[in-house]
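The structure under discussion appears below in the form of structure tokens.
Hydrogens, waters and symmetry mates are skipped; everything else that's a heavy atom, side chains included, is used.
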Amino acid sequence: MQQMNTQRRLAFFLILAFLGMYSGLDAQIGGREVYNFMRLSSSARISGLGGNLITVRDDDVSLAFDNPASLNPEVSGALTFQHSFFFDGIQHGYFGYGQHIEKWKTTLHGGIKYIDYGSFDYNDVNGNLQGEFSAGEYAIAVGASHQVYERLTIGANLKFIGSSMEVYNSVGLAGDVAAMFHDTASRTNISLVFKNIGSQLTPYNDEPLSKLPYDVQIGFSKKLKHLPFRFSIIYHHLHRFNILYDDPNAEEPGFFIGDAQPEEGNPWFDTFFRHFVFNGEFLFGKKENFRIRLGYNHLRHKELTPPNLRSLAGFSFGLGLKINRFRLDYGREIWHLAGGVNQIGISTNINEFKKS
């Protein structure tokens, strides 16, 4: 009977995934949405794992911003601060806290994700300096998860978004809905997440309301039995197959006049694999206090690798180390030949201080 219930829950996930995959097949992404800073990695751990980690359920409260179903009693009292040093002085990060309420069998979290674009020169039409202005955005998130069955957890987030670009301001409201099937016996997790369901409430100007970076993702992870390693495979934009950016200037000649462009291979397979993020995490030690992370984002690799050149864009790596009551994390995402992005994080659990 238990095996039959497990099969039914797995079938439920697959049916939802199937329905999501074949809606909006002819759509494309790129330049059509606001608040895209919410797609950036919420933690150094996520950065080191290809920029996406919806498949893990442990004591890391930063995972809840992207998948509220990852919340569980282990995050009770967890406190985290993450900060990323982006290109050209741009700074972004995340601060979050989790709390489990045993009476309700529910785990809560709250946090804020922010990005500071820095200061810019304000010039008139003749190029004369008139001063400076700043720009930044933030998203305040609150969420909860509830364990419906022994192996099934559901969760939801509510996010209030604010954005300020000089005199242009905007606010929005978004929500996430997620479910996670977790089987400790087989060390596997399956997650389904509907991200950023909502709308821009106030546009920047008298323009029509813009769309949010809506996404449907499904992921699978497994922790190996005889090796301290866990891998994840994540499929994003489940609701939209064509995620290619249709750039009219994309066709460029070769290095020499008259060079023929190399064949790109099967375009269907190229588009299909752009949906995938692959990552793995080595977990060393009895309490997994030392971790090595690797990740690969195929969409980022294809979009940010210059034509006719080779690049490590899309690859990422990171480290995690727990010292006493604090966990230190470092992640690096390689975005382009121009360089990569470094992110650091520090996490702790206030309950450990109470015990001492």
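Side-chain atoms of Gln217 and Lys195 form a donor-acceptor pair, as typed in the model, at a separation below 3.5 Å. Remark: the Asn342 side chain and the Tyr330 side chain contain an N/O donor-acceptor pair separated by less than 3.5 Å. Side-chain contact of Glu137 with Ser163: a donor-acceptor pair under 3.5 Å is present, judged by distance alone. Side-chain atoms of Tyr35 and Ser170 include a donor-acceptor pair closer than 3.5 Å. Side-chain N/O atoms of His109 and Asn157 include a donor and acceptor closer than 3.5 Å. Side-chain polar atoms of Glu333 and Ser316 form no donor-acceptor pair below 3.5 angstrom. Donor-acceptor pairing under 3.5 Å is lacking for the side chains of Asn123 and Gln130.
Of the listed residues (Leu312, Leu304, Leu309), just one forms a side-chain contact (heavy atoms from CB on, under 4.5 Å) with Leu337, and that residue is Leu309. For the pairing with Arg45, the salt bridge (Lys or Arg N to Asp or Glu O under 4.0 Å) check across Asp329, Asp66, Asp60 returns one residue only, Asp60.
With hydrogens and angles disregarded, a donor-acceptor distance shorter than 3.5 Å links the side chain of Gln82 to the backbone of Ala44. Between the side chain of Asn297 and the backbone N or O of Leu299 there is at least one donor-acceptor pair closer than 3.5 Å. Gln200 places a side-chain N or O within donor-acceptor distance of the main-chain N or O of Ser210, the cut-off being under 3.5 Å. Side-chain N or O atoms of Asn289 include none that pairs as donor or acceptor with a backbone N or O of Ile323 at under 3.5 Å. Counting only distance, with no hydrogens or angles, the side chain of Lys159 and the backbone of Phe65 share a donor-acceptor pair below 3.5 Å. For the pair Thr106 (side chain) and Glu102 (backbone), a donor-acceptor distance under 3.5 Å is absent. Judged purely by atom type and a 3.5 angstrom limit, His301 uses its side chain to pair as donor or acceptor with the backbone of Ala313. Remark: the backbone N or O of Val148 is not paired with any side-chain donor or acceptor of His146 at under 3.5 angstrom. Between the side chain of Asp183 and the backbone N or O of Arg187 there is no donor-acceptor pair closer than 3.5 Å.
Closest approach of Ser191 and Met180 over heavy atoms only: OG-CE, 3.1 Å. Heavy atoms only, all atoms of each residue included: Ala135 and Phe120 are closest at CB-CE1, 4.1 Å. Nearest heavy atom pair, residue Asn72 against residue Asp58, reads ND2-O, 2.9 Å.
For the pair Arg325 and Phe353, the distance from NZ or CZ to the six-membered ring centre is under 6.0 Å and the angle to the ring normal is within 45 degrees.
Two residues are said to be in side-chain contact when any heavy atoms from C-beta on lie closer than 4.5 Å; His92 and Gln343 meet this criterion. Using a 4.5 Å heavy-atom threshold, the side chains of Leu71 and Leu108 count as separate.
For Thr188, the side-chain hydrogen bond (donor to acceptor under 3.5 Å, both in side chains) partners two or more places apart in sequence, or in a different chain, are Ser186.
The hydrophobic clustering, which links ILVMFWY residues whose side-chain heavy atoms are closer than 4.5 Å, places Phe85 and Trp335 apart.
Other residues, nucleotides and ligands place more than 12 heavy atoms under 6.0 Å from the NZ atom of Lys222.
Taking the six-membered ring where the residue is Trp, Phe81 and Phe95 present tilted rings, their angle falling between 30° and 60°.
The six-membered or imidazole ring of Phe241 lies near that of Trp268, with a centre-to-centre distance under 6.0 Å. Close placement of the Tyr235 and His275 rings is indicated, their centers lying within 6.0 Å of each other. Separation of the Phe269 and Phe272 ring centroids does not fall under the 6.0 Å cut-off.
From Tyr138, atom OH reaches atom CE of Met38 across 12.5 Å, with rounding to the nearest 0.5 Å. Here CG of Leu192 is found 7.0 Å from CG of Leu238. Values are rounded to the nearest 0.5 Å.
By the 4.0 Å N-to-carboxylate-O rule, Lys322 lies too far from Glu288 to be salt-bridged with it. A salt bridge between Asp270 and Arg274 is present, with a side-chain N of the basic residue lying under 4.0 Å from a carboxylate O of the acidic one.
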Steps toward ring pair (Phe, Tyr, Trp, His ring centres under 6.0 Å) verdict (Phe276, Phe278) | CA-CA 6 Å; Phe276 283 95; Phe278 305 92; 5.6 Å; yes

So Glu281 and Arg230, salt bridge (Lys or Arg N to Asp or Glu O under 4.0 Å) or not? Walk me through it.
-> CA-CA 5 Å; Glu281 189 172 25; Arg230 176 175 51 226; 3.1 Å; yes

